[in-house]
Colleague: 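Can you keep this structure in mind? I'll have questions shortly.
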Amino acid sequence: MTDTQTFSSSKSARLMTLRRKAAAAEMANPRKSGLAASPPAIVIEGTTLPAGQTSGYLLNTAAGQAVLRSYGGSPYLAGSLIGRVKSAVIGTSGGNIGAGDGSQASFSRRYFLADAAKVTLRLKRSALPYRFLVDNRYVDLAGTVTTAASPTSTDEYVSLDFSSAGGRALREIGVEAQGDNSAWGVYVGATETVREPAAADDLVSCLLGDSYVHGTGTTALGDGFGAVMADWLGIRAHSNSGSGGTGWVSNAGGGVYTFDQRIENGDLELAGMPGLIVLMGSYNDRNQLAETITSHALAGLVAARTRYPDALIAVLGVFPASSGPSAAIIAAENAVAAAVTQFGDAWTRFIPISTRASGNLITGTGRSGTASGTGNSDLYTGIDQVHPTPAGHAFIGRFVAQAILSAFSAD
């Protein structure tokens, strides 16, 4: 397949937007700016809304939907799943959201502006921590869990109390959720207000892949390499469509979708119509036939371009884990690269990972806790010898953000 139209005004506009946003993010983003300088006290209130917090904004109301901006995928706005954010449909059943229909969540963020001294969040119970941002800086990185872990019909409340951190002021608040987390309401005092943050992003992105994309190996899915990549690119309207054990050919069992099937099913648009699509090769395909990988990857690229004619598309190679990279990893990466070459699309770029002429991204056969001294895998691959460590996700995410900009630098 060949794209004979090498110039596209809509794609050029998206590239200009991407460059502008990335330049701003290079100056300040949640990964670079450090923790909030005057953090609020985090008060775990339990199941009772604290006294005085009488002005509420909930996602099942028009007012709540107007002021609470959701990013990370497609949010549920009603029912028992309210506030959870779907970023992938991994198969015909299962998924971590609780819908039982394959709906899967990685990380999401919900933003709003609050002119208040105390902000109370209404949260669904979860064993996974929530993290909070104030003016685009994390309050802390460990996060906060509810007093009870099991998702039930009983919600809990957590307050951000600024009484000893500057008092009442207008601040942008972000709530980061993961998995089955749901922050679906906010309350302030009777004389205080909540309103919508700055206008929604004019660039939507999606990263589609395997457990690396889901964020496996991190202590918080918001630290997965896709979330890191999006922050360094300055994109809020980003989703991670990640499904463990899958690839262009591989899947984790019956009823689980491969990458190209998820593209056909619409995963790339769960956060909105994408202007930037990032696809990847998979470690899980390392023992598959090269021609089969190429065939499926090409089918996925054709489907993505057909559905999203104005999107920029970047395709990553294969992360090698602690394999060296091995011959099998290199063959799988070359098979994905062959699909991009056959696709012949002027606005699709391949980004090598394990066949980089300037030096491979992850090298060596060591892992965290068992160093081999042969490469950076000692630090960046976890004890399971497959998934990145938190430091590995951070390293990969920043690299991918910079590599995407470099890949389109000639345009």
Colleague: Give me the atom names and distance for the closest heavy-atom approach of Leu221 to Ala227.
Modeller: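 Between these two residues, the closest heavy atoms are O-CB, 4.5 Å.
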Colleague: Could you check Asp378 against Ser372 for side chain to side chain contact (heavy atoms under 4.5 Å, CB included), going step by step and ending with a plain yes or no?
Modeller: CA-CA 7 Å; Asp378 286 359; Ser372 69; 3.4 Å; yes
Colleague: Hey, which of Asn287, Asn284, Thr258, Thr292 is the one that makes side-chain contact (heavy atoms from CB on, under 4.5 Å) with Val249?
Modeller: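 So the option named by the test is Thr292.
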Colleague: Going by heavy atoms in the side chains, are Thr120 and Pro50 under 4.5 Å from each other?
Modeller: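 Yes - at least one pair of side-chain heavy atoms lies under 4.5 Å apart.
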Colleague: Under a 3.5 Å distance rule, please check whether Ser326 uses its side chain to pair with a backbone N or O of Ser323 as donor and acceptor.
Modeller: no
Colleague: Without swapping roles, check the side chain of Gln178 against the backbone of Ser106 for a donor-acceptor pair under 3.5 Å.
Modeller: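 Not at all, since once roles are kept as given, no pair shorter than 3.5 Å links the two residues.
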Colleague: How long is the span from the CZ atom in Phe225 to the CZ atom in Phe319, to the nearest 0.5 Å?
Modeller: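 Going from the CZ atom of Phe225 to the CZ atom of Phe319 covers 4.5 Å.
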Colleague: Gly98 and Leu81: which non-hydrogen atoms are nearest, and at how many Å?
Modeller: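 Shortest heavy-atom separation between Gly98 and Leu81 comes out as C-CD2, 4.3 Å.
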Colleague: Pair Leu207, Asn240 - check side chain to side chain contact (heavy atoms under 4.5 Å, CB included), show working.
Modeller: CA-CA 5 Å; Leu207 168 65; Asn240 284 342; 4.0 Å; yes
Colleague: Could you check, using the six-membered ring where one of them is a Trp, whether Tyr380 and Phe395 have ring centers closer than 6.0 angstrom?
Modeller: yes
Colleague: Output the distance between atom CG (Asn251) and atom OG (Ser282), rounded to the nearest 0.5 Å.
Modeller: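 Here the interatomic distance stands at 11.0 Å.
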Colleague: For the pair Phe259 and Trp248, name the ring-plane relationship: parallel under 30°, tilted 30 to 60°, perpendicular over 60°.
Modeller: perpendicular
Colleague: Okay, side chain of Arg286, backbone of Pro320: is any donor-acceptor separation there less than 3.5 Å?
Modeller: no
Colleague: Run the salt-bridge test on Asp135 and Arg171 with the 4.0 Å N-O cut-off and return the result as yes or no.
Modeller: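 No salt bridge links Asp135 with Arg171.
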Colleague: With a 4.0 Å cut-off, would you call Arg20 and Asp202 a salt bridge?
Modeller: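 Yes, this pair counts.
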Colleague: About how many Å separate CD1 of Ile235 and OG of Ser205, when rounded to the nearest 0.5 Å?
Modeller: 4.0 Å
Colleague: Check for me whether Arg195 meets the cation-pi criterion with Phe112, that is, NZ or CZ under 6.0 Å from the six-membered ring centre and within 45 degrees of the ring axis.
Modeller: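 Ring-cation test returns no.
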Colleague: Please confirm whether the backbone N or O of Ala346 pairs with a side-chain atom of Arg349, one donor and one acceptor, at under 3.5 Å?
Modeller: yes
Colleague: Below 4.0 angstrom, N of the basic side chain to O of the carboxylate: do Arg131 and Asp223 qualify?
Modeller: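 The answer is yes: the pair qualifies as a salt bridge.
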Colleague: Do Glu26 and Arg398 sit within salt-bridge range, that is, some charged N less than 4.0 Å from a carboxylate O?
Modeller: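 Here Glu26 pairs with Arg398 in a salt bridge, since their nearest N and O are under 4.0 Å apart.
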Colleague: Would you mind listing every salt bridge (Lys or Arg N to Asp or Glu O under 4.0 Å) that reaches into residues 117-130, with sequence neighbours excluded?
Modeller: Glu45-Lys118, Arg122-Asp155, Lys124-Asp155, Arg125-Glu156
Colleague: Which heavy-atom pair separates Asn376 from Thr363 by the least distance, and what is that distance?
Modeller: OD1-N, 2.9 Å
Colleague: Identify the heavy atoms of Leu123 and Ala183 that sit nearest to each other, and give their distance.
Modeller: CD2-CB, 3.5 Å
Colleague: Is a side-chain donor or acceptor of Asp285 paired with a backbone partner of Gln288 at a separation under 3.5 angstrom?
Modeller: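 Answer holds: no.
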Colleague: Which atom names give the shortest non-hydrogen contact between Ser377 and Ile362, and what distance separates them?
Modeller: CB-CG2, 4.1 Å
Colleague: Are any of the side-chain heavy atoms of Tyr71 and His238 separated by less than 4.5 Å?
Modeller: no
Colleague: For Thr374 and Gly364, indicate whether the former's side chain and the latter's backbone hold a donor-acceptor pair under 3.5 Å.
Modeller: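 Side chain of Thr374 to backbone of Gly364: no pair is present.
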Colleague: Please determine whether a side-chain nitrogen of the Lys or Arg among Arg109 and Glu172 lies less than 4.0 Å from a carboxylate oxygen of the Asp or Glu.
Modeller: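 No.
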Colleague: Which one of Val119, Val139, Asp161 satisfies the side-chain contact (heavy atoms from CB on, under 4.5 Å) criterion with Pro40?
Modeller: Val139
Colleague: Phe343 vs Phe350, test: ring pair (Phe, Tyr, Trp, His ring centres under 6.0 Å). Steps then yes/no.
Modeller: CA-CA 11 Å; Phe343 187 45; Phe350 180 72; over 10 Å; no
Colleague: Which atom pair, heavy atoms only, marks the closest approach of Lys86 to Ile97?
Modeller: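 Heavy atoms of Lys86 and Ile97 come nearest at CA-CD1, 3.7 Å.
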